[in-house]
Amino acid sequence: MRRPLLERYQEYLPLTEQTPPITLGEGGTPLVRSERLWRELGTSEVYFKLEGCNPTGSFKDRGMVVAIAKALEAGSRFIACASTGNTSASAAAYGAHCGLTTLVLVPKGSVAAGKMAQAIAYGAHVLAVNGNFDRALQLVRELCSRHPATLVNSVNPFRLEGQKTAAFEVIDDLGDAPDYLCIPVGNAGNITAYWRGFRTYHEAGKAKRLPRMLGFQAEGSAPIVFGHPVKDPKTIASAIRIGSPASWKGAVAARDESGGRIDAVSDEEILEAYKLLARQEGVFCEPASATSVAGLLKLAREGMDFRGKRIVCVITGSGLKDPDLAQQIADVPLQEVSADLESVEEAVSSLWGR
Ligand SMILES: *Cc1c(COP(=O)(O)O)cnc(C)c1O
């Protein structure tokens, strides 16, 4: 059995004797080497950190396991969050696992089907707020300040502590930090957490170098790139549809201290990377996750030289979260055939010569 995250990285996490060692099997996700993309870029190596392999299908579980363990330690019985979907799925799962009451506020109509299904199946109390994510977060923050509920959004400091373990795993797998880490940026907690993780391991002597952090936002919701909040953020990538990131300062520090960049990509570029990952690499992710690869391709096209570099792209969540999108972008309609061999042979006759 894979060692639970809280046990494996115990010495780097804010745990005490009283922290319950809960786990749903989070962390220890695969680092898969690219078979095709690296050729296009002329790099030596590109890897995908497959965070969709976490128990609820996104990296949110790394931070949630720590936040929930600390909430239990503090005697909390009630957790709450605002969410574009994955935080609520994760909170609901750990809440159920630990017998807590879970309340989630989601922006009405803008959460992918798979994520809603999870929150409901795990038995969370789900409220669809008539407003965007930023408003839902404001509301839940106020709610938690007035009532005995623990806020488990990434403004909860334990979330980022847990999320930094992904950087540890990258170093543990590669033997050192990569040259570049490409990552989507929404509320900006994850880029902040990765940078903290890389620095922590570097200081502990577990890595000889530090990566440059390349963060990517969607053009229609790129407050950090523009330098001001976006009032009505828009993008197909709902997990990063955030106009006023909570960890803004952390993201800017990660960028500047690492000599990296935070850039924006269009929805078209995100969809191109989403298809490329699925069709040429066998990696099915949600659109927000494809942002890291879209950004890498964009910088390469603009002439940034990645030759001889080792690059890790964080693939933050599973494609199963958003099944509607995969069907919308199919190139050919689903073909129906009669249930006889002749019809099937006829339908596929053009494939044999390929
Ligand atoms: C939460 C999330 C992000 C954005 O991470 P932040 O920490 O908010 O920047 C990106 N992709 C997926 C799949 C997510 O769930």
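Computed over heavy atoms, backbone and side chain alike; hydrogens, waters and symmetry mates excluded. Indexing begins at 1, ligand by ligand and atom by atom, following the structure's order.
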Next item on the list: Could you list all the ring pair (Phe, Tyr, Trp, His ring centres under 6.0 Å) pairs where at least one residue sits in residues 185-206, not counting sequence neighbours?
Entry: Tyr12-Tyr201, Phe168-Tyr201
Check: Who are the residue neighbours of ligand 1 when the rule is a heavy atom under 4.0 Å from any of its atoms?
Finding: Phe59, Lys60, Asn86, Val185, Gly186, Asn187, Ala188, Gly189, Asn190, Ala239, Ile240, Glu286, Ala288, Ser289, Thr316, Gly317
Checklist line | NZ/NE/NH1/NH2 to OD/OE distance under 4.0 Å, Arg212 and Asp179 | finding: no
Next item on the list: Decide whether Glu51 and Ser58 meet the rule of one side-chain donor and one side-chain acceptor closer than 3.5 Å.
Entry: no
Next item on the list: Check salt bridge (charged side-chain N to carboxylate O under 4.0 Å, His left out) between Glu346 and all other residues, then give those that pass, not counting sequence neighbours.
Entry: none
Could you list the donor-acceptor pairs under 3.5 angstrom formed by side chains in residues 217-228, with sequence neighbours left out?
from: Gln217; atom 1: OE1; to: Ile224; atom 2: N; distance (Å): 3.0
from: Gln217; atom 1: OE1; to: Val225; atom 2: N; distance (Å): 3.4
from: Ser221; atom 1: OG; to: Ile240; atom 2: O; distance (Å): 3.0

Margin query: Would Leu210 and Arg199 count as a side chain to side chain contact (heavy atoms under 4.5 Å, CB included) here? Give the steps.
Written below: CA-CA 7 Å; Leu210 289 165; Arg199 278 193 355 246; 4.2 Å; yes
